[in-house]
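Structure first, then comments.
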Amino acid sequence: MFQKQPTTRTSAAITYLEAIRAAQHKLLSDDPRVFIYGQDIADFGGAFKATKGLANEFPGRVLDSPISEDAQVGMAIGAAIEGMRPIIEMQFADFSTCGFTQIVQHAATHKWRTGVPCPIVIRLPSGGTAGAGPFHSQSMEALYAHYPGLIVMTPATVEDAYTMLLEAVEIDDPVIFCEHKYLYYHLKADGLPSTAMPAGKARVARPGRDATIATYSAMVHESLACATELASDGWEIEVIDLRTVKPLDTDTILASVSRTGRLLAVGEAFPWGGVTAEIIARVATEGFDLLDAPPMRLNAKDTPVPYHPNLWGTHRPTATSIMAAMRKLLGA
Amino acid sequence: MFQKQPTTRTSAAITYLEAIRAAQHKLLSDDPRVFIYGQDIADFGGAFKATKGLANEFPGRVLDSPISEDAQVGMAIGAAIEGMRPIIEMQFADFSTCGFTQIVQHAATHKWRTGVPCPIVIRLPSGGTAGAGPFHSQSMEALYAHYPGLIVMTPATVEDAYTMLLEAVEIDDPVIFCEHKYLYYHLKADGLPSTAMPAGKARVARPGRDATIATYSAMVHESLACATELASDGWEIEVIDLRTVKPLDTDTILASVSRTGRLLAVGEAFPWGGVTAEIIARVATEGFDLLDAPPMRLNAKDTPVPYHPNLWGTHRPTATSIMAAMRKLLGA
Amino acid sequence: MLQARAGLSTQPEANEDKERYLGVYRWMLLARVLEEKLAILYRGGKITGGVFLGRGQEALSAALGSALKKGDIFGPLIRDMAGRLAFGEDITDAARTYLGSRLGPMRGRDGNIHRGEPAKGYYAMISHLGAMVASVAGGLFARRLKGETGVVGATCVGDGATSTGSFHEGLNMAAVEKLPLVVIVANNQYAYSTSNARQYACEDLVQRALGYGIAGYKIDGTDPTACIETVFEAVARARAGDGPQMIVADLLRLVGHGEHDDFHYMSHALKVSPIGRDCLDVAREQLISAGWATPAHLDNLRDQASAEVENACSTALREPLPDPNQEDWCALHTRRLAEGAET
Amino acid sequence: MLQARAGLSTQPEANEDKERYLGVYRWMLLARVLEEKLAILYRGGKITGGVFLGRGQEALSAALGSALKKGDIFGPLIRDMAGRLAFGEDITDAARTYLGSRLGPMRGRDGNIHRGEPAKGYYAMISHLGAMVASVAGGLFARRLKGETGVVGATCVGDGATSTGSFHEGLNMAAVEKLPLVVIVANNQYAYSTSNARQYACEDLVQRALGYGIAGYKIDGTDPTACIETVFEAVARARAGDGPQMIVADLLRLVGHGEHDDFHYMSHALKVSPIGRDCLDVAREQLISAGWATPAHLDNLRDQASAEVENACSTALREPLPDPNQEDWCALHTRRLAEGAET
Ligand SMILES: Cc1ncc(C[n+]2csc(CCOP(=O)(O)OP(=O)(O)O)c2C)c(N)n1
Ligand SMILES: Cc1ncc(C[n+]2csc(CCOP(=O)(O)OP(=O)(O)O)c2C)c(N)n1
Ligand SMILES: [Mg+2]
Ligand SMILES: [Mg+2]
């Protein structure tokens with residue numbers, strides 16, 4: 001479904017993945033405090049090539065780590081205490097569970113406990129792709145957003161992948177940077193922006209009148225595809241791209257719902273307690289009277305992410321299933 | 001506040017902690033598949049004495065582990081595959097982050113991936129107590145509930161601590177058993193029940209008419225104290241004890257809200273995306289028209305759990321802060 | 001550095017040696033032929049997801065699978081096609097998992113290297129490296145509690161996986177419990193693209209055995225004779241109650257990390273060094289020079305393997321794919337406690 | 001098993017030895033007296049939360065704190081009161097953290113053993129054992145990147161903490177990076193109630209050094225002379241660029257795990273064995289028999305320590321407690337990105 005999105009194919013086209021690489025290139029160039037540490041990221045350039053060529057250009061600042069997620073994050077914390085700006089690349093978001101203690105117990109609590117900030121960025125190649133299976137597909141934003149002291153970014157566009165990564169490194173707090181693997185190669189833009197909305201602000205990805213979809217990351221594109229489709233039936237669906245899920249820009253969501261009266265929250269993560277629950281809880285508690293109909297939510301199914309594409313295509317929300325939910329919400 | 005709860009002091013009185021010990025005693029006696037593995041749980045009887053005397057009575061089946069949470073859970077998974085019913089005691093829930101990979105990646109996915117169930121029980125001494133600080137106070141139910149394949153129990157009473165642990169071991173799936181340290185010694189009952197509500201069913205802990213509090217674990221008692229207090233002003237507050245947070249008994253909550261029209265969800269965990277978000281999201285999506293007022297939620301503050309009792313008492317919800325929220329909800 | 005120890009008991013008769021070697025060789029060959037077929041299918045776009053092969057590591061893996069018995073526990077890793085088959089995996093099931101058949105043991109829910117049949121002691125690895133060490137140990141612990149004796153459990157890791165906390169915790173725990181666990185470290189000199197120099201700083205990983213208080217063996221993983229002797233000995237010692245055994249085998253993977261990888265980073269010097277040898281070539285030489293097989297016999301074995309592989313793959317290719325509408329979207333065994341997938 | 005190596009360079013003069021020893025002794029004594037006071041306050045109900053003491057481990061800890069310099073990095077663990085003070089911690093800050101003063105470095109947000117001042121290289125441990133190894137290594141890595149040389153980082157763990165995956169990953173990583181990290185393993189024979197026999201299966205934990213490719217030293221942790229010599233040597237070697245150093249010291253804690261614990265489980269045989277000695281008694285003997293101090297001088301030092309401790313505690317006890325209404329409930333440094341606590 002997502003393939004329907006218009007992609008620019010000019011010679012200057014840059015992909016979501018290239019934007020991440022470009023941001024890291026700029027960070028290494030501009031800021032001597034920055035270094036990158038992760039598995040296979042030096043000469044090899046990373047499993048997805050997000051650091052291709054950087055080790056060569058910035059010797060000693062782009063380093064291969066042993067297979068030790070806990071120590072990778074632990075070392076970044078120490079380096080951040082000493083004033084550096086480490087970026088940790090996890091090979092897949094799923095493996096960050098092996099570094100979970102250092103992330104949620106150590107990095108997240110450091111500033112509050114000691115007064116000394118802990119500015120690390122952990123890049124999580126996140127989300128599902130065909131054939132990746134239960135251990136290379138997870139969306140872990142809800143886990144990290146639950147813990148105080150972390151900022152969780154979920155860029156959905158090439159531009160945001162670039163500017164938000166720059167901002168993530170600048171922020172004096174630990175940032176979990178959830179980049180979506182499904183967007184790596186598919187998603188393209190004409191070039192890289194020089195200005196950006198700040199973290200913590202959601203973006204109206206498509207304005208509308210009849211209902212709001214609040215979503216993030218790859219699901220922004222499925223939702224936009226759904227909105228395009230429904231537009232041919234005369235429906236005007238507003239799509240909100242959250243950009244960061246912690247903090248969550250409740251104001252922008254509420255402003256949208258105040259215009260549309262209807263809300264569908266869409267996320268690719270597991271159904272219990274994820275971003276969609278938080279969105280609905282906020283709108284229900286803070287904007288109850290704005291709602292003309294019960295809000296709805298759509299998540300992945302409550303099983304591990306299946307390996308086979310036939311199953312995976314049904315496990316995660318898609319433009320098709322979002323459309324079905326939206327028709328229900330619209331009473332159409 | 002909780003101290004106001006009536007506690008029975010007959011000679012037969014049994015505490016929440018003793019109930020957990022009694023359940024494990026019964027399990028070891030009745031079921032040769034059961035063994036217990038954890039730090040300092042053998043001769044020493046555990047940091048909280050939940051296994052006191054059991055190693056002696058059941059030689060070779062209550063074992064001290066090295067300080068290796070990942071391996072503790074990993075070994076339980078292998079043993080469960082072979083038909084045993086291991087119980088893992090974490091010394092504190094907070095340390096389960098070190099076993100997070102084995103829990104959410106291995107145990108949780110095993111049945112779905114392979115068809116072979118993985119019946120392990122992980123006991124998490126959870127929640128805050130005075131002076132325990134950021135690393136000995138956490139409530140982690142939301143993390144585990146988010147992952148498909150796990151059942152998350154949060155007993156609030158002595159009776160439930162006993163019967164739910166028995167049931168947890170009987171269930172053919174991995175169960176995260178969140179026992180609350182604040183209840184260990186304070187909470188007492190006359191004796192142990194021989195029957196129980198099944199897991200997955202919430203309990204009306206106190207019937208009411210004017211508003212519903214949906215909550216679990218130690219917060220049940222703070223909520224009951226609040227309801228008692230408000231009763232003297234003529235308010236009848238219904239308190240729902242969720243008992244398990246995954247699955248979450250939406251039906252019982254909806255039935256209550258259909259009677260009261262008002263909902264306050266209370267949890268001791270961090271505010272972003274926990275049990276309270278899930279409760280509100282379900283009621284807003286499935287029972288929107290039952291609500292006479294915007295639902296409300298009350299959680300701990302969005303910082304690590306503070307060490308000093310002065311701070312801790314304000315960080316977590318208490319009968320006092322629940323009361324303030326409830327008065328707002330009632331418009332009183 | 002520890003060296004392979006002398007044989008546990010009296011040497012088996014030459015005839016036993018021959019049969020054992022030929023048995024192992026058949027599994028090496030079958031794995032090799034099956035993986036070559038999978039590589040072709042992968043390049044032909046017939047396989048979704050990654051394909052990770054064990055080319056060059058078959059002797060080590062097949063020796064382990066052969067040394068284990070029915071009733072033992074095996075937790076293979078990504079390069080253990082040979083060991084899996086030798087341990088008793090149905091080759092059609094292997095093909096099914098790659099080719100997406102709904103009839104495979106993972107029914108399309110998980111793929112390829114993650115397959116297993118835990119109820120038969122053949123554990124299904126998770127991706128998180130090192131995790132299987134503790135779980136195989138746990139299986140052995142359960143067997144001990146049930147009073148079963150003479151059971152062995154084995155698992156394999158790579159050089160990279162030795163850096164994980166899970167590996168350390170699992171092996172230490174197994175040592176404390178003195179479990180009959182055999183851990184094979186296939187040191188193929190690289191973890192994906194990362195060379196040993198960036199993975200550990202000791203002279204040789206076998207030095208870690210001392211620190212865990214377990215037996216350690218060091219072998220050339222490209223030498224099938226060494227693999228067979230040492231692996232069978234370690235398994236026998238574990239079975240006899242000597243506690244965990246760790247074998248570190250030096251070798252190379254003669255393929256990329258996965259079939260997407262051209263392994264340009266691999267050192268030429270290593271490739272042309274003795275550990276760059278193809279264990280199947282070495283086996284052929286050893287078998288022929290020992291007089292245990294003729295070239296014709298070995299060619300014949302390869303033809304048999306090819307036929308078996310073709311048969312398995314064509315069966316799997318004809319079978320139904322997973323169907324999301326028929327799929328049981330329930331992650332729990334206890335159905336009454338499952339929450340409906342929300343749609 | 002590795003033994004303490006011979007001195008790095010020429011032996012320091014006897015006078016230097018004496019000053020060094022007396023310096024270490026003062027920190028041992030100060031820690032001992034402070035902890036005795038804290039134990040009394042704990043029993044008097046003046047301290048909320050646990051109190052975990054280092055009684056019996058002062059020589060080892062003070063030697064480390066003394067061997068480090070300003071500008072070095074120190075990640076102490078729960079039994080390192082002596083090392084903390086020797087590294088430069090303000091004794092009043094130590095008292096403040098226990099006694100709940102809002103003016104302490106953790107301002108009531110975290111307590112006791114978790115205190116630190118990371119901006120001064122004095123890291124604040126988290127409870128999760130093993131975690132500080134990687135973080136101290138990371139601090140050293142940062143210093144190297146910044147071009148600082150001659151910096152050393154040190155951290156301490158117990159026998160129990162060596163079983164954690166974090167310990168393994170952190171130490172292995174430090175070895176690969178050849179960082180100037182000194183890791184002290186205070187093997188007090190128990191992790192809480194769990195004896196070494198249930199914690200590891202090697203003969204001695206120092207055997208692990210080989211497996212990480214780092215220097216290993218084994219000492220009697222109750223012998224202050226041995227502690228001083230070996231710790232200073234290891235720190236010097238790390239500073240000189242020899243990579244990670246691991247010292248395993250045998251000793252006992254002469255208290256419970258925490259002050260709530262009567263340590264009835266501790267073996268009598270161990271208590272009366274040489275490692276059951278009180279290092280302060282040993283130091284007194286060594287100092288007197290070397291002619292470096294008289295009993296009167298040492299008694300005088302104790303009086304000085306007592307005065308300092310009383311002063312620190314009475315200061316801390318007069319200070320304001322944390323006030324939830326004045327508390328800044330914001331876990332982020334970037335205030336604009338903080339979500340308001342929901343009430
Ligand atoms: C904990 C963890 N981190 C990262 C990965 C990603 N990963 C998969 S295979 C691999 C390399 C493994 O190297 P090694 O253990 O030497 O085995 P080999 O592939 O060489 O056989 C990596 C990094 C993983 N599977 N698990
Ligand atoms: C990962 C982890 N698991 C469990 C604990 C609980 N715990 C705190 S101290 C301790 C014992 C530590 O023993 P050891 O490392 O030998 O240090 P010692 O107390 O003997 O100095 C345990 C189990 C912890 N802090 N961290
Ligand atoms: Mg390898
Ligand atoms: Mg100890």
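From a predicted model like this one, the values you see are computed outputs, not experimental measurements. Sequence lines set the chain letters: A, B, ... in the order given, protein chains first and strands last, and positions in each chain run from 1.
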Problem - Segment of C:E177 engaging chain D (4.5 angstrom heavy-atom cut-off) - result: side chain

Practice task
Measure the shortest side-chain to side-chain distance between D:V176 and C:Q199 over non-hydrogen atoms and say whether it is less than 4.5 angstrom.
Solution key: no

Exercise for the section: Assign the ring pair C:H168 / D:H168 to parallel, tilted or perpendicular, where the plane angle (0 to 90°) is split at 30° and 60°. Expected result: parallel

Practice task
Determine whether more than 12 heavy atoms belonging to other residues, nucleotides or ligands lie under 6.0 Å from atom NE2 of C:H268.
Solution key: no

Handout entry: Most contacts with chain C, counted as non-hydrogen pairs under 4.5 angstrom, among D:P244, D:G130, D:C202, D:G170
Key = D:C202

Handout entry: More than 12 heavy atoms of other groups within 6.0 Å of C:K271 NZ
Key = yes

